[in-house]
Protein chains: 2
Amino acid sequence: MAKPQSSRKAATKQVRDTKQVRSRAGVRMTSSAARARSPLLSRVTSAALVYERLHEDIIALRIRPGASLSENELASSFGVSRTPVREALLRLADESLVEIVPKSGTTVSRIPYAQIGEAIVIRKALEEVTVREASRRATKSQFTGLWALVERQREAAKADDRIGFHAADEAFHAAIAEAAGYPGIWRLVNQVKVQVDRMRHLTLPEGGRMMRVTKEHAAVLAAMEKRDGDKAVAAMRNHLDGLEHSLPEIRRRNADLFVDEAGVFVLSGTAGRKPEVRKNPKN
Amino acid sequence: MAKPQSSRKAATKQVRDTKQVRSRAGVRMTSSAARARSPLLSRVTSAALVYERLHEDIIALRIRPGASLSENELASSFGVSRTPVREALLRLADESLVEIVPKSGTTVSRIPYAQIGEAIVIRKALEEVTVREASRRATKSQFTGLWALVERQREAAKADDRIGFHAADEAFHAAIAEAAGYPGIWRLVNQVKVQVDRMRHLTLPEGGRMMRVTKEHAAVLAAMEKRDGDKAVAAMRNHLDGLEHSLPEIRRRNADLFVDEAGVFVLSGTAGRKPEVRKNPKN
DNA sequence: GTTCCATATCTTGTATGCAAGTTTATCGAA
DNA sequence: TTCGATAAACTTGCATACAAGATATGGAAC
């Protein structure tokens, strides 16, 4: 490998110090600074696009858990080369949505049933501190917006619009996080609950569920508005408890989409790629 | 196994009986694809190695926040090509440890001071539920192991061995998570506190700090052993409160390593601000 | 001196070819 | 048929080449 032109690489160190900027460099950054934000979401690269598409399809179960993915076929499908596809898959592997076996193949992860419970515990812990802080800090206009979201849910429930209901549901929780001043927590919650979200797509139509959830939200919000943090936390806890209600039944009906995880033993795991997942084919 | 002496081929055929129709290009629908494997070690790929090295160096501040990274120079430094280096950098970007600007360059992220507080809140929330559950579920042998870790901390504190102390500290918290049956929570905590860990490397030598922390751990553990969940949670909360004690001073002394407003997570309408105008006019 | 512009030289993004394993298919023998 | 060995066809991991945008440099004009 030929080194081109040694200009400032007198030092062979791979880490160069901070590049200094001229005093008026800021004005030149206008064009790039316009779109150069949102590190996790939409970049303008092909890899990001492939990632988003695959992410959506996996979460929505449009690609079934256990399905095999091929970098080559995905590449020709998306009309790009393997490189961006591979980057997307690596990222999905970090989120435990796909499993890459080095020289063998890549599959969409089955839903790790054993992790669902822990994910819900995590979500509860995070949302409780969030709703407590939001009870203190939320402004009047934020309460107005929250009530509007509850109303949107009520309408969606009446119209039996599950998609719209879910969107408003997410927006409700996100708005609470914003009111609390904890945007990172909501981002974290979203990261943790991916497997739960996949499972949600299997929920059976249960009469009155959406209206019940709406009422639970209203209870949380009412307590918040009274600045009663404890009561709001209790209401939120009660609300999130409802999540794990029908999980065993859902699992029973779609056994092939789940996997029992035996012993995750990743304690000081070097920031490891992902927990080892033992698949237990129960044919 | 219910199958009587089924050969591998027969098992394969049995798997095959499900539809192998490709509903979408690139997605092959199979019932059970990859056989369970035990890659106990995380990954033996070059990309993983590069990632681990860079991760360590960034966390330990051996690479200073704000430094520029070049895929080419890193590649020749590691003796590999750009591809595995790039994969490592993309992963580090997901963790907000580096920032990749598409056609411009890659830099090591400065420590987002505004996120430190939220990270500590998150850690508190997660560790509190963990210690509460561990108070219920921990076995006698686990308590023995935990006391041993406390003792190791005491010894390290006496010997003024900061590295050994920190290792035992981490192990203590990890062991509590394991006793609680929440391995995923500890993994998540580790992910969240990366920026806090970087900051920890800037802590000034403060007399008696290690011994104080050891006593706090002992208090947590004593409450756990009495199965007093509330008291254990309170002790843990008190322990973690100590984290944010000297943060402002640390930041004041190393202002160039921090950035005020990073993260910029546009949750609602208002557009994000410009990411960073390098305010480091060296020379 | 300052300002502006062309250009050389960086940077990362993507495509492609090869290497090294793994799985599947094929063929032959008992 | 059943089993076994061999080879063909996959798979991902990595190296390399090229493309396109961003930055720094140098010189010309004023």
Side-chain angles (χ1 to χ4, degrees), chain A residues 1-9 14 16 18-36 43-51 68-76 78-90 92-93 98-107 273, chain B residues 5-13 15-16 20 26 28 30 32-37 39 43-51 68-76 78-90 92-93 98-107 278:
Chain A
M1 181 179 187
K3 277 295 189 185
Q5 256 307 24
S6 68
S7 60
R8 71 166 179 278
K9 54 165 39 68
Q14 67 284 12
R16 300 183 317 254
T18 308
K19 288 187 269 191
Q20 80 282 3
V21 200
R22 307 177 85 114
S23 48
R24 59 179 66 83
V27 295
R28 214 191 272 112
M29 298 181 66
T30 53
S31 64
S32 71
R35 59 147 172 80
R43 260 194 298 172
V44 289
T45 63
S46 301
L49 192 137
V50 173
Y51 167 80
S68 291
L69 301 178
S70 161
E71 293 182 359
N72 270 318
E73 299 185 13
L74 286 171
S76 57
F78 280 102
V80 297
S81 79
R82 272 183 56 208
T83 307
V85 170
R86 179 172 174 75
E87 290 181 0
L89 288 177
L90 286 169
L92 292 169
V98 306
E99 296 173 16
I100 302 176
V101 182
K103 294 290 176 58
S104 171
T106 300
T107 64
R273 185 163 209 73
Chain B
Q5 276 289 17
S6 62
S7 71
R8 192 164 65 95
K9 189 172 180 180
T12 301
K13 272 184 179 172
V15 164
R16 282 286 201 172
Q20 200 197 354
R28 292 193 306 279
T30 62
S32 123
R35 190 48 45 112
R37 187 171 316 281
R43 219 123 171 257
V44 289
T45 64
S46 301
L49 192 138
V50 173
Y51 167 80
S68 290
L69 300 178
S70 162
E71 293 182 0
N72 270 317
E73 299 185 12
L74 286 171
S76 56
F78 280 102
V80 297
S81 80
R82 269 184 61 209
T83 307
V85 169
R86 180 173 174 76
E87 291 180 0
L89 288 177
L90 286 169
L92 291 169
V98 306
E99 296 173 15
I100 303 175
V101 182
K103 295 290 176 60
S104 171
T106 300
T107 64
R278 295 180 178 81

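In the text below, chain A, chain B and the rest are named by the order of the sequence lines, each starting its count at 1. Just so you know, these numbers come straight off a predicted model, no measurement behind them.
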TODO: Give a yes/no on whether any side-chain N or O of A:Thr106 is located under 4.0 angstrom from OP1 or OP2 of D:dT12.
DONE: yes

Task: Taking every non-hydrogen atom, the tightest pair across B:Thr107 and B:Ser68 - done: CG2-OG, 3.9 Å

Task: Pairing residues for A:Ser81 by the side chain to side chain contact (heavy atoms under 4.5 Å, CB included) criterion, not counting sequence neighbours - done: A:Thr83, A:Pro84

Open item on the list: It should be established whether B:Ser104 places a side-chain nitrogen or oxygen under 4.0 Å from OP1 or OP2 of nucleotide C:dT12.
Closed with: no

Open item on the list: Counting C-beta onward and ignoring hydrogens, is there a side-chain heavy-atom pair between B:Leu74 and B:Leu69 closer than 4.5 Å?
Closed with: yes

Task: Rounded distance in Å - NZ (A:Lys103) to P (D:dC14) - done: 8 Å

Task: Distance in angstrom units between A:Ile100 CD1 and D:dC10 P, rounded - done: 20 Å

- [ ] Ignoring backbone atoms, establish whether A:Thr45 has a side-chain N or O less than 4.0 Å from OP1 or OP2 of C:dT12.
- [x] no

Task: CG-CD distance between B:Leu89 and B:Glu99, expressed to the nearest 0.5 angstrom - done: 12.5 Å

Task: Distance, rounded to the nearest Å, where B:Glu73 contributes CD and C:dT9 contributes P - done: 16 Å

- [ ] Round to the nearest Å and state the distance from B:Glu71 atom CD to D:dA15 atom P.
- [x] 13 Å

Open item on the list: Could you tell me how far apart A:Phe78 (CZ) and C:dT14 (P) are, to the nearest whole angstrom?
Closed with: 13 Å

TODO: Calculate, to the nearest 0.5 Å, the distance between atoms CZ and CD belonging to A:Arg82 and A:Glu87 respectively.
DONE: 12.0 Å

Can you tabulate the close N/O pairs, meaning under 3.5 Å, that link protein atoms to atoms of nucleotides 15-17 of chain C?
residue : atom : partner : partner atom : Å
C:dA15  : OP2  : A:Ser81 : N            : 2.5
C:dA15  : OP2  : A:Ser81 : OG           : 2.6
C:dA15  : O5'  : A:Ser81 : OG           : 3.3
C:dA15  : N7   : A:Thr83 : OG1          : 2.7

TODO: Could you pull out the closest heavy-atom pair between B:Ala88 and B:Val50, with the gap in Å?
DONE: CB-CG1, 3.7 Å

- [ ] Nearest whole angstrom, please: distance from the P of C:dT12 to the CG of B:Asn72.
- [x] 7 Å

Task: Spacing of OG1 belonging to B:Thr106 relative to CD1 belonging to B:Ile100, to within rounding of 0.5 Å - done: 4.5 Å

- [ ] Take the C1' atoms of the five end pairs on each side of the helix from C:dG1-D:dC30 to C:dA30-D:dT1, get both axes, and report the angle to 10 degrees.
- [x] 10°

- [ ] Provide, to the nearest angstrom, the distance between the CG atom belonging to A:Leu69 and the P atom belonging to D:dT11.
- [x] 11 Å

- [ ] Using whole Å, report how far CZ of B:Arg86 lies from P of D:dA15.
- [x] 15 Å

Open item on the list: Tell me whether B:Ser76 contacts the main-chain N or O of B:Glu73 through its side chain, where contact means a donor paired with an acceptor under 3.5 Å.
Closed with: yes

